[in-house]
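Ligands are counted one by one from 1 in listed order, and the atoms in each one are counted from 1 as well.
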Amino acid sequence: MKITDARVVVSSPGRNYVTLVVETEDGVVGVGDATLNGRELAVAAYLQEHLCPLLVGRDASRIEDTWQYLYKGAYWRRGPVTMTAIAAVDVALWDIKGKVAGLPVYQLLGGAARDGVLVYGHADGQDVPELLERFQGYLDRGYKAVRIQSAVPGLAKTYGMSGGAGVYEPAKGSLPQQDSWETTLYLDHVPEVFRAVREEFGYGVHLLHDVHHRLTPVEAARLGKSLEPYRPFWIEDPTPAESQEAYRLIRQHTTTPIAVGEVLSSIWDVETLITERLIDYVRCSVAHTGGISHLRKIYALAELYGVRSGAHGAGDLSPVAHAAALHLDLATSNFGVQENMGHLDPAGEVFRWSYTFDDGYMHPGDAPGLGVELDEEAAARFPYDRRYLPVNRRLDGAVHDW
Ligand code: CS2
Ligand code: MG
């Protein structure tokens, strides 16, 4: 089945999305998410200028061969731009394969390994009362797992504050918003937040927290230790993971579970974290880690070491990526939890999806392929709008991890 066209659709319904559309001689169309928040046009150009010309004429059914051809053929290895572009191609080809077979993608991956995909939502608040109020909203909707983030007293702007939108969109500014940071204020505050949530809601709900790369290894060890009485489901990205070995120090001091991976884009970037059991959940996403074909290899490696999946699923991964993630989650035995932040309106005017949410669990649906369609005419109504992720600075003005 030959590919006759491959085109990139950049659209901004509520936020910027980049979607690859692959069409075959039989008229079957597949889609892949190529959105890299804050660097969208880098991936769009990589696809449009370098990969799309290679796809036309190729056999759409040869997914693994195409993956190897694009990965090894680039010569230059790994990195978020390359792996997001390859991911978009990979997911679009799985979408096509499912449509040709008349099967949802999860059936092509071995069928359902569970009845539903446990998901977590995002509760945040400028103060603890506001956080508790929003947290209750997630319980009311049936969530069994909720991420908790709060502002830090003494800091003007910190990561994770949605302003009540429910969907946290960090890329707001036409120039990077400046966030502020002081580690001791944060380390003193987070245990108080966990204590308040446990006192209010008890231990029957999973609590997750995103440290977002902002601590040193020993600070992360201190945080993990301080949170043990409140039994976190995980703390996420406690320290930058370019040095995977840094996690050995954290592991020596705390049993608080750790999740890492959303900014990492290949199996080699998480190999030590998995094989030394330095993490408990691998958070790589289907959109930024080479697609379904590569992420399933990461999950297979993780299974050998007792590491489970906990895929990234923020609103800046499009509904196409979310659907692909849910298909893979449903079919993966060492699945842990799936992030489900949702998508801001009017994304629903551009993307039509068939995945569903019910009582804290999601299901990708049984439409052939991914079950997501892109309305290209609607997409054209929302032109690209350059946006940047924030930059974080310590109180002394030095740039810090955001
Ligand atoms: C976060 C994201 O969802 C998460 O775990 O780390 O909100 C992340 O900040 C964004 O995806 C960046 O674009
Ligand atoms: Mg995160």
Query raised in the report: Is Glu236 close enough to the Mg ion (ligand 2) to have an N, O or S atom under 2.8 Å?
Result: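 It does; at least one qualifying atom falls short of 2.8 Å.
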Query raised in the report: With a cut-off of 2.8 Å, does Glu339 place any N/O/S atom under that distance from the Mg ion (ligand 2)?
Result: no
State whether [X] and [Y] are salt-bridged, where the test is any N-O pair (Lys NZ or Arg NE/NH1/NH2 against Asp/Glu carboxylate O) under 4.0 Å.
X: Asp188; Y: Arg222; value: yes
X: Arg15; Y: Asp385; value: no
X: Glu276; Y: Arg251; value: no
X: Asp65; Y: Arg58; value: yes
X: Glu192; Y: Arg195; value: yes
X: Arg352; Y: Glu373; value: no
X: Glu349; Y: Arg381; value: yes

Query raised in the report: Has the side chain of Gln149 got a donor or acceptor atom that lies under 3.5 Å from a matching backbone atom of Asp210?
Result: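 Flag set: sc Gln149 to bb Asp210 pair under 3.5 Å.
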Give me the nearest non-hydrogen protein atom to [atom] as residue plus atom name, then the distance to 0.1 Å.
atom: atom 6 (O) of ligand 1; answer: Glu262 OE2, 2.5 Å
atom: atom 12 (C) of ligand 1; answer: Asp316 OD1, 3.9 Å
atom: atom 1 (C) of ligand 1; answer: Tyr159 OH, 2.9 Å
atom: atom 3 (O) of ligand 1; answer: Glu339 OE2, 2.4 Å

Report task. Tell me which one of Glu236, His312, His288, His122 gets a heavy atom nearest to atom 5 (O) of ligand 1. Result -> Glu236
Query - Under-4.0 Å heavy-atom contact with ligand 1, by part of Leu317 that carries it - result: neither
Query raised in the report: Which heavy atom of Ala259 sits nearest a heavy atom of Pro238, and at what distance?
Result: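 Heavy atoms only, the tightest pair is O-CD, 4.3 Å.
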Which atoms of ligand 1 sit under 4.0 Å from any heavy atom of [X]?
X: His212; answer: 1 (C), 6 (O), 8 (C), 9 (O)
X: Trp402; answer: 9 (O)
X: Arg147; answer: 1 (C), 3 (O), 4 (C), 5 (O)
X: Asn37; answer: 13 (O)
X: Asp210; answer: 1 (C), 4 (C), 5 (O), 6 (O)

Query - Name of the Glu262 atom (N/O/S only) found closest to the Mg ion (ligand 2) - result: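 Nearest N/O/S atom: OE1.
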Query raised in the report: Name of the Asp210 N, O or S atom nearest the Mg ion (ligand 2)?
Result: OD2
Query raised in the report: Heavy atoms, side chains only, cut-off 4.5 Å: are Tyr281 and Pro257 in contact?
Result: yes
